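A short worksheet on the structure shown next.
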Amino acid sequence: MTKILLTGGAGYIGSHTYLALIQSGFEVVILDNFSNSKSDVPRRLQDISGKMVYCFNGDVLDRTDLDNVFAAHKIDGVVHFAAKKAVSESVVKPLDYMHNNIGGLLNLLAAMDAADVRNIVFSSSATVYGDTDVQPIPEDHPRTYTSPYAFTKIAGEQILEQLPNTWVVGILRYFNPAGAHKSAMIGEDSEDIPNNLLPYIAKVAVGELAELVVFGDDYDTPDGTGVRDYIHVEDLADGHVLSLKSLLETGESHTVNLGTGEGSSVLDVVAAYSEACGKDLAHTIAPRRDGDVAVLTGLPEQAKARLGFEAKRSLGDMCKSSWAWVSGQRRNKR
Ligand code: NAD
Ligand code: UD1
């Protein structure tokens, strides 16, 4: 059986990808330092999948941790999720971001090379496109960074592009991941006040935050609020399965957007979430957030042509699954 290592596999996207891979017949090993995930995620993954979870509490910055995993398991390919991801924090702590995200990737590649494992899928982001009027964005659009976080993603892509052709690399540029697993047992989980729209609205819906602050209603968009390409995290997870299958079966590298190609405004999301949770969600309009762009949507054609990937789930599905997850968590906390 093909065995895949997920670095950062206990995180939001990694945990959903774990389940999609298990369902597709892969064996999966997780390495995570739990710096941004809860220690009960492996148990939850075990409960959902009904299979024993192999999880190492380790750090991609620690070469011994990596060598131990490769010695204990015959790994065929790696999906590298482990990274810090908060754009605003990266502006305050650029060195931490470069150390963890770039240093972690270099350490992982060296350990993979030593273990003769040269198939890797890398979590990149639509943030590599910067601020552009070209919408939806094709993969050959020039890269430019608007934050230290974005810099680490571009640097990661460039490092992977320097590898000799004995390596097979899948670079996946995610647009805006949203929603939760159908089991409602895993999802995006943050104790802090979220920066991103969906987790923020979710906290308004459960009553932990009073209202959503809409950052700007004077953009050149149909209703004046920012437009994004939201993609269900389970669709994203399926994209990783297809990316790995493509790498392992064809031996050819790819760089693709993972999005839907469709844009939704902030007010569209508020309406869809209100319908999902059955109540009107309070929101006020505030000035634009620094660094925000009006529209960010990705051309999905390459993912379809190269991987056979197409997002299947709607914005309503994202909101319903998010609501099932957060309202269930809320009930458990009581
Ligand atoms: P997440 O924070 O939920 O998951 C990342 C996981 O990596 C966490 O479990 C964390 O504990 C772990 N981790 C971090 N540093 C580590 C280290 N040094 N060693 C071992 N484990 C470490 O984030 P996510 O939303 O699941 O994102 C996964 C990947 O996708 C990241 O690379 C992120 O930059 C990228 N990405 C995310 C989004 C998004 O909106 N969520 C969008 C585009 C790209
Ligand atoms: C952010 C990151 C980006 C990352 C993406 C997905 C920034 C500048 N960019 O992008 O690098 O790839 O998340 O993780 O942080 N909004 C509100 N009120 C809120 C929160 C958001 O109105 O409280 C609006 C924003 O102005 C935007 C939309 O909702 O129009 C989506 O915001 P968000 O979820 O933060 O994602 P991005 O801005 O696309």
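Below, all heavy atoms of this structure are taken into account, side chains as well, without hydrogens, waters or symmetry copies. Remember, it's 1-based here, ligands and their atoms both numbered in the order they're listed. It should be emphasised that the depicted structure is a prediction, and the values quoted were computed from it without experimental measurement.
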Element-labelled atoms of ligand 2 that are located less than 4.0 Å from some non-hydrogen atom of [X]:
X      : value
Thr127 : 11 (O)
Leu212 : 18 (N), 19 (C), 23 (O)
Asp292 : 25 (C), 26 (O), 38 (O)
Val214 : 22 (O)

Kindly identify the option in [options] whose heavy atom sits closest to [atom].
atom                    : options                        : answer
atom 6 (C) of ligand 2  : Thr146, Val295, Asn176, Asp217 : Asn176
atom 1 (C) of ligand 2  : Val87, Asn196, Leu197          : Asn196
atom 19 (C) of ligand 2 : Phe175, Tyr174, Phe215, Tyr200 : Phe215

Query - Atom pair OG1 (Thr260) and CG (Leu236), whose distance is rounded to the nearest 0.5 Å - result: 11.5 Å
**Report entry** Criterion side-chain hydrogen bond (donor to acceptor under 3.5 Å, both in side chains) on Thr64 and Asp67, from CA distance to verdict
**Finding:** CA-CA 5 Å; Thr64 310; Asp67 289 344; 5.8 Å; no
Report task. Step by step, work out the salt bridge (Lys or Arg N to Asp or Glu O under 4.0 Å) result for Asp116 and Arg118. Result -> CA-CA 6 Å; Asp116 278 332; Arg118 297 188 185 85; 2.9 Å; yes
Query raised in the report: Just checking, any donor-acceptor pair under 3.5 angstrom between side chains of Asp268 and Ser265?
Result: yes
Query raised in the report: Do we see a donor-acceptor contact under 3.5 Å between the side chains of Glu89 and Tyr97?
Result: yes
Among protein heavy atoms, which sits nearest to [atom], and what does the distance come to when rounded to 0.1 Å?
atom                    : value
atom 20 (C) of ligand 2 : Asn195 O, 3.4 Å
atom 24 (C) of ligand 2 : Val266 CG2, 3.6 Å
atom 12 (O) of ligand 2 : Ser125 OG, 3.1 Å
atom 32 (O) of ligand 2 : Arg289 NH2, 3.5 Å

Report task. Taking all non-hydrogen atoms of both residues into account, name the closest pair between Leu247 and Glu252 and its distance. Result -> CD2-O, 3.5 Å
Review item, side-chain donor-acceptor pairs of residues 170-181, under 3.5 Å, at least two apart:
residue	atom	partner	partner atom	Å
Arg173	NE	Glu157	OE2	2.9
Arg173	NH1	Tyr129	OH	2.8
Arg173	NH1	Glu139	O	3.0
Arg173	NH2	Glu157	OE1	2.8
Tyr174	OH	Ser123	OG	2.7
Tyr174	OH	His240	NE2	2.6
His181	ND1	Ser183	N	3.2
His181	ND1	Ser183	OG	2.7

Cluster check [X], [Y]: I/L/V/M/F/W/Y, side chain < 4.5 angstrom:
X      : Y      : value
Val28  : Ile48  : yes
Ile13  : Tyr18  : yes
Tyr149 : Tyr145 : no
Leu258 : Tyr230 : no

Query raised in the report: Under 6.0 Å between ring centres, would you say that holds for His73 and Phe56?
Result: yes
Report task. Tell me, please: is Ala126 in heavy-atom contact with ligand 2, that is, under 4.0 Å? Result -> no
Query raised in the report: What do you reckon, does Tyr230 put a non-hydrogen atom under 4.0 Å from ligand 2?
Result: yes
Ligand 1 N/O to protein N/O, distances under 3.5 Å:
residue	atom	partner	partner atom	Å
ligand 1	2 (O)	Asn36	ND2	2.7
ligand 1	3 (O)	Tyr12	N	2.8
ligand 1	9 (O)	Gly11	N	3.3
ligand 1	9 (O)	Asp32	OD1	3.2
ligand 1	9 (O)	Asp32	OD2	2.7
ligand 1	9 (O)	Ser37	OG	2.7
ligand 1	11 (O)	Asp32	OD1	2.7
ligand 1	11 (O)	Asn33	OD1	3.4
ligand 1	11 (O)	Ser35	N	3.0
ligand 1	11 (O)	Ser35	OG	3.4
ligand 1	11 (O)	Asn36	N	2.9
ligand 1	11 (O)	Ser37	OG	3.4
ligand 1	13 (N)	Asn33	OD1	3.4
ligand 1	15 (N)	Asn100	ND2	3.1
ligand 1	18 (N)	Asp59	OD1	2.9
ligand 1	18 (N)	Asn100	OD1	2.8
ligand 1	19 (N)	Asp59	OD1	3.4
ligand 1	19 (N)	Val60	N	3.0
ligand 1	21 (N)	Asn33	N	3.2
ligand 1	21 (N)	Asn33	OD1	3.2
ligand 1	25 (O)	Lys85	NZ	2.8
ligand 1	26 (O)	Tyr12	N	3.2
ligand 1	26 (O)	Ile13	N	2.8
ligand 1	32 (O)	Phe81	O	2.8
ligand 1	32 (O)	Lys153	NZ	2.9
ligand 1	34 (O)	Tyr149	OH	2.7
ligand 1	34 (O)	Lys153	NZ	3.1

Query raised in the report: Between Arg228 and ligand 2, does any nitrogen or oxygen pair lie at a separation below 3.5 Å?
Result: yes
Query raised in the report: Between Val213 and ligand 2, does any nitrogen or oxygen pair lie at a separation below 3.5 Å?
Result: yes
Query - Criterion side-chain contact (heavy atoms from CB on, under 4.5 Å) on Arg143 and Gln158, from CA distance to verdict - result: CA-CA 10 Å; Arg143 292 176 289 212; Gln158 290 175 327; 3.7 Å; yes
